[in-house]
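This report refers to the structure that appears directly beneath it.
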There are 2 protein chains.
Amino acid sequence: MKRLRKKSSADKVLGIVDLFTEEIPAWTVEMLIKELGLTRATTYRYVKALYDAGFIVPGAGSSYVLGPRFIQIDRQIMRSDPLLRAARPLLDANRSKLIGAKILSGFYGDRVLSIHVDKIDNDIALTMERGRSFPLIYGSPSLVILAYLPAYQLRNVYNANAEKIAGQRLGTSWQEFRAEMKKIRKAGHRVGGYDQGSVIGVAAPIFHAPKAVSTSLCYVRNRDICTESDIENLIGQVTETAAKISQELLNYRSEDGTMSPVFPSPRLAGQQHYDEDDGRAAATEV
Amino acid sequence: MKRLRKKSSADKVLGIVDLFTEEIPAWTVEMLIKELGLTRATTYRYVKALYDAGFIVPGAGSSYVLGPRFIQIDRQIMRSDPLLRAARPLLDANRSKLIGAKILSGFYGDRVLSIHVDKIDNDIALTMERGRSFPLIYGSPSLVILAYLPAYQLRNVYNANAEKIAGQRLGTSWQEFRAEMKKIRKAGHRVGGYDQGSVIGVAAPIFHAPKAVSTSLCYVRNRDICTESDIENLIGQVTETAAKISQELLNYRSEDGTMSPVFPSPRLAGQQHYDEDDGRAAATEV
DNA sequence: ATAAATAATCCCGTAATTTGCGACAACACA
DNA sequence: TGTGTTGTCGCAAATTACGGGATTATTTAT
């Protein structure tokens, strides 16, 4: 399971980006030399490689900081994502006062990441913001995607997370888990936040191809003011809007001649995570 | 002037990110093999390096797309930037109806990049959005930063852009240019958009240290509805708010014991640009 | 404006890593 | 369960990255 490939030169260079955390956003080359244990010449070579690529940029006092390249690529991802282009007008059109926040989530590698967050009710306590990711098995936005994974992938997920799945009351055996997932597919939505957390979230799947799901829409409402009938109402709204977005995507797909696959999709991958959330945070969320 | 260093392995790997443009956001490994002219094994090695670092992620149909790492780093930059932390409350506090948009710009490498854009008047036509960058010599947000560069850097900029500077009526000689810059420093602000474009912009410098500027604030107003007295008013507001932000930054600096340099700063660098704007776009802007 | 200090690059022989090639394992999907 | 595709693995040849110090460029101080 562990990835023990020998570190290549490129790996080492790319790894330097990790050093630019929130605690230490700026590094001088001298600091990097000490941190990396490399010679001055080599460190400068690495820095230059990153600099030439635009990933870091000179900052104050002979330091380097993360470059604007990241900001630009973030924007590019946003603009070129067909999901966002299809979804935003439809989301903006729905102005129901019941909806405290709208969250669009996507499946990346092996986690579910919030792609777009629209917070309407300012009193709502959302830890979810664009760019945060959660494991596949925590939270309604995740579950509604998980439920539509191909059977063999579902099986892999189950095997890798059997205990946690049981802990989330999603089944104590593969059979039970499978049945639970089928239930979600049947319902067409998932309500989360019943038992803990300050918000109720209702998520529905978005189809980018027939029977293929890799994104979800979640409507959130403050739990204190959320009645049973509100939930029913939200379910109706979220499934309707999600269905409209799905329709858009399918049309878009058929209009556009190019078959270039632009949707992040259900391919499992055991990747490093750059997010501190291991599920406990998610467990208190929708 | 040209950078002819031999491409290292890391350079090649990093360069792959450039391929993921808005036109071709998803690449299969086979496509990359053809594009890079490398063998299958090597291409997979490169892809793996990028994948392990989180920069690309598997997408639909055995393709790879830019990873959520970029989204996360963008958020991190935003959160850890002292400028943004200091500026946002102050910007939000100013609710004058005269202001059509507020633009916070920073100096990165050799360009000025919009760090934060708050568009209030929806009728305003702003090509400036967070993540776009402009050359140092175009636009009032740039000029107000340029004017405060150390003399030797100013000299370098002039030598490298003499013709363009003359074209912008910023002086036909080093002496004139120098005088022009001094004028901007004296005034403490810069008004742009007088002669072309649909908006008027008024920019003021933000000091991150005594006499050191690397960011600017620009208030924008639709030109059609902008009177002379409006401009005077905007000048007053923008200089006042910019001064407040400067004050915040200086305090922050002195409170925080760490001398870690966290501000992008005036160090010139001839870098590759990932933005199509060569000034013509900027010339029709503030 | 000039000089001192710091930051960044260059040079080059050697040693280590990367590359390409083919076979091979793992996976997706019917 | 089989089959086409996707991704990985060893190995020998050869390219290239590394260190250490000298050199140049850039920035700060006088």
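Small disclaimer: the values here were computed from a predicted structure and weren't measured. So you know, we letter chains A, B, ... as the sequences are listed, proteins then strands, and number each from 1.
One can place CZ of A/Arg155 at 15 Å from P of C/dC27, the figure rounded to the nearest angstrom. Going from atom CZ of A/Arg45 over to atom C1' of C/dA8 covers 12 Å, rounded to whole Å. Distance, A/Lys12 NZ to D/dT16 P: 16 Å, rounded to whole Å. Note: CG (B/Asn156) to C1' (D/dT26) measures 9 Å, nearest angstrom. As rounded to whole Å, 14 Å separates atom P of D/dG21 from atom CD1 of A/Ile33.
Taking only side-chain nitrogens and oxygens, A/Tyr64 comes nearer than 4.0 Å to OP1 or OP2 of C/dA8. When the side-chain nitrogen and oxygen atoms of B/Ser8 are compared with OP1 and OP2 of D/dT16, none of them lie within a distance under 4.0 Å. Within the 4.0 Å cut-off from OP1 or OP2 of D/dT27, at least one side-chain nitrogen or oxygen of B/Gln153 is found. Phosphate proximity of D/dG7 to B/Tyr51: absent, as no side-chain N or O sits under 4.0 Å from OP1 or OP2.
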### Task
Could you please spell out the steps behind the ring-ring contact (aromatic ring centres under 6.0 Å, His included) verdict for A/Phe55 and B/Phe55?
CA-CA 11 Å; A/Phe55 288 107; B/Phe55 289 108; 5.5 Å; yes
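The residue B/Val29 sits close only to the backbone: its heavy atoms come under 4.0 Å of sugar-phosphate atoms, none of a base.
Although no hydrogens or angles enter the test, the distance criterion places no donor-acceptor pair under 3.5 Å between the side chain of A/Arg190 and the main chain of A/Ile184.
The side chain of A/Tyr46 has D/dC18 as its nearest neighbour among D/dT27, D/dC18, C/dG20.
Checked against the 6.0 Å centroid threshold, A/Phe207 and A/Tyr148 count as a close aromatic pair.
Residue B/Arg40 places no side-chain atom within donor-acceptor reach of the base of C/dG22, judged by atom type and a 3.5 Å distance cut-off alone.
A 4.5 Å side-chain heavy-atom check between B/Arg69 and A/Val17 finds at least one atom pair inside the cut-off.
Counting non-hydrogen atoms of other residues, nucleotides and ligands closer than 6.0 Å to CZ of A/Arg185 gives a total above 12.
A residue-by-residue look at A/Ala41 and B/Tyr44 shows that B/Tyr44 has its nearest nucleotide of DNA chain D further toward the 5' end. Nearest-nucleotide assignment on DNA chain C puts the 5′-proximal partner with A/Glu30, out of A/Ser9 and A/Glu30.
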